[in-house]
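Okay, structure first, notes after.
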Number of protein chains: 2
Amino acid sequence: MTTTRDAAAPGLARLAGLIADETRAACLLALLDGRAWTAGELARHAGVAASTLSEHLGKLVAGGLLAEERQGRHRYVRLADARVAQLVEELAAQVAPEAARRPRTLRESTAGSAMARGRTCYDHLAGRLGIAVTDALSERGLLRQDTGFALTDAGLAWFDTAGIRLARTGRRPLARACLDWTERRPHLAGVAGAALCRHTLEAGWCVRIGSERAVKVTAAGEEALSELLGIDPATLR
Amino acid sequence: MTTTRDAAAPGLARLAGLIADETRAACLLALLDGRAWTAGELARHAGVAASTLSEHLGKLVAGGLLAEERQGRHRYVRLADARVAQLVEELAAQVAPEAARRPRTLRESTAGSAMARGRTCYDHLAGRLGIAVTDALSERGLLRQDTGFALTDAGLAWFDTAGIRLARTGRRPLARACLDWTERRPHLAGVAGAALCRHTLEAGWCVRIGSERAVKVTAAGEEALSELLGIDPATLR
DNA sequence: CGGACACTTCGGCCGGGACCGAACGGTCCG
DNA sequence: CGGACCGTTCGGTCCCGGCCGAAGTGTCCG
């Protein structure tokens, strides 16, 4: 064998192959909501037979993209970790330019506009809401976006006084940019993004709408975001 | 149709499908060196017939992953832009845990150790060299990694006094973390990473070894890196 | 304990796509 | 201008993998 083919090529192809099927891609995108779905829910979502989806889940779990948890007769799956979520986001963002076409049906349209207003992206906030928060943090000098993407010392203090604890985990960055595919601009992800999202939901600043990823800012949320970050409630509607 | 399958699923699957072939994956990894390759070079590298590779290039170009430039009877291709490079890096990094197995042949071993010492990763420095530079920037307060990944004001000044111009382009971040797949830690990428890499090559601090991505620090480079960043030359050998 | 339910396994069907060699069209050079 | 070289197109082969329905396993509940 005289070729110098890169040793990582088979692995790369195998990994991409896991995502390269429309049904599996639909599953991964659905799981971007950060929750655990049952196999049946995913089968209905993707529009394939339960037997077909079972095989897909087997491959995704074996490939390390999904984590599973069996409970009685249910098989719950979720994205394996934040790194996998980032990977799927990143790939989806690369596709977005074409996917950001105008919607076809009224249902898609209303659901789309709710998603555009505010949604979760795995474990952090996205959509106009996510952008508004990210921009507000930047304007107040709490987040530095001009030379990269990192919280400032003032930013660390802000999280502290807001009562949002940032757990310094092993590898995961405290702050990271995640490209928003509706706004086409980066929003806050990483440990801080996750903590902020969790806090907004726990404090009742936001509530989930329906069974989708979309979230809605509550009256209490509008007040809190206006007070803590100077976000004009009108931009969130 | 009663399913709620995500509208982005077909696009995501199509994009992943472009990478999901071992031959195309080998091409993308080879092109991570940032240079333009001819179709013939890639065919030899991947170990397939020229006709087969021609079809692959057609798909990769049509899919927007590669940019092509025809010169006479040659067809030069390179990664379309930094975003595509980042995508491939990120996927490869996800694979790395398995791929970081011990090499099989002596040739792989010596080539591997040169690559581990220092190499380019699209347009920035990687390997022990890339990590050493990134760490040195951090230790001197020029780069902030603890709360994200961004240059500090001192860092901007350092680039300025070192005579390395940072062109503020449209979308590309000034500094970004790129996970190093031999060191398993982030190194500097983005505009600053690219400018630094270009400068080290132009100033003769580093030279490319052979036709691969590997680079070697020169005597002048050791002196410069020691003086400007306090990097111990021993760590680069 | 029996029936409804969630998921898995299996066999069979089918389409897509990776691959090659042969023939062809451009380009460069002696 | 003829021959070497680089790349592309085409026809044909072959295998991989997604899909389904039917049958099977395990779980929950009345």
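Scope of the values below: all heavy atoms of this structure, side chains included, with no hydrogens, waters or symmetry mates. Proteins come first, then strands; the chains are lettered A, B, ... in the order of their sequence lines, and each starts at number 1.
- In this structure, Asp81(B) does not pair ionically with Arg171(B), as no charged nitrogen and carboxylate oxygen lie closer than 4.0 Å.
- Side chain to side chain, Thr182(A) and Arg119(A) meet the donor-acceptor criterion of an N or O pair below 3.5 Å.
- Distance Glu55(B) CD to dG16(C) C1': 13 Å, rounded to the nearest Å.
- A donor-acceptor pair is defined here as one N or O able to donate and one able to accept, closer than 3.5 Å; such a pair exists between the side chain of Thr218(B) and the backbone of Gly204(B).
- When heavy atoms are screened at a 4.0 angstrom cut-off, Ala50(A) is found touching base atoms of the nucleic acid.
- Between the base of dG21(C) and the side chain of Ser51(B) there is a donor-acceptor pair shorter than 3.5 Å.
- Between the side chain of Thr38(B) and the base of dG7(D), no donor-acceptor pair of N or O atoms lies under 3.5 Å.
- Within the structure, a side-chain polar atom (N or O) of Lys59(A) is placed less than 4.0 Å from OP1 or OP2 of dG18(D).
- For the pair Arg44(A) CZ and dC5(C) C1', the interatomic distance rounds to 11 Å; values are reported in whole Å.
- In this structure, Trp37(B) and Leu57(B) have side chains that are not in contact, with every pair of non-hydrogen atoms separated by 4.5 Å or more.
- Take Arg198(B) and apply the salt bridge (charged side-chain N to carboxylate O under 4.0 Å, His left out) test, not counting sequence neighbours, and it matches Glu202(B).
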Quiz item: How does protein reach along nucleotides 25-30 of chain C, written 5' to 3' as B (base within reach of a heavy atom under 4.0 Å), S (only sugar-phosphate), or - (no contact)?
Solution: -BBS--
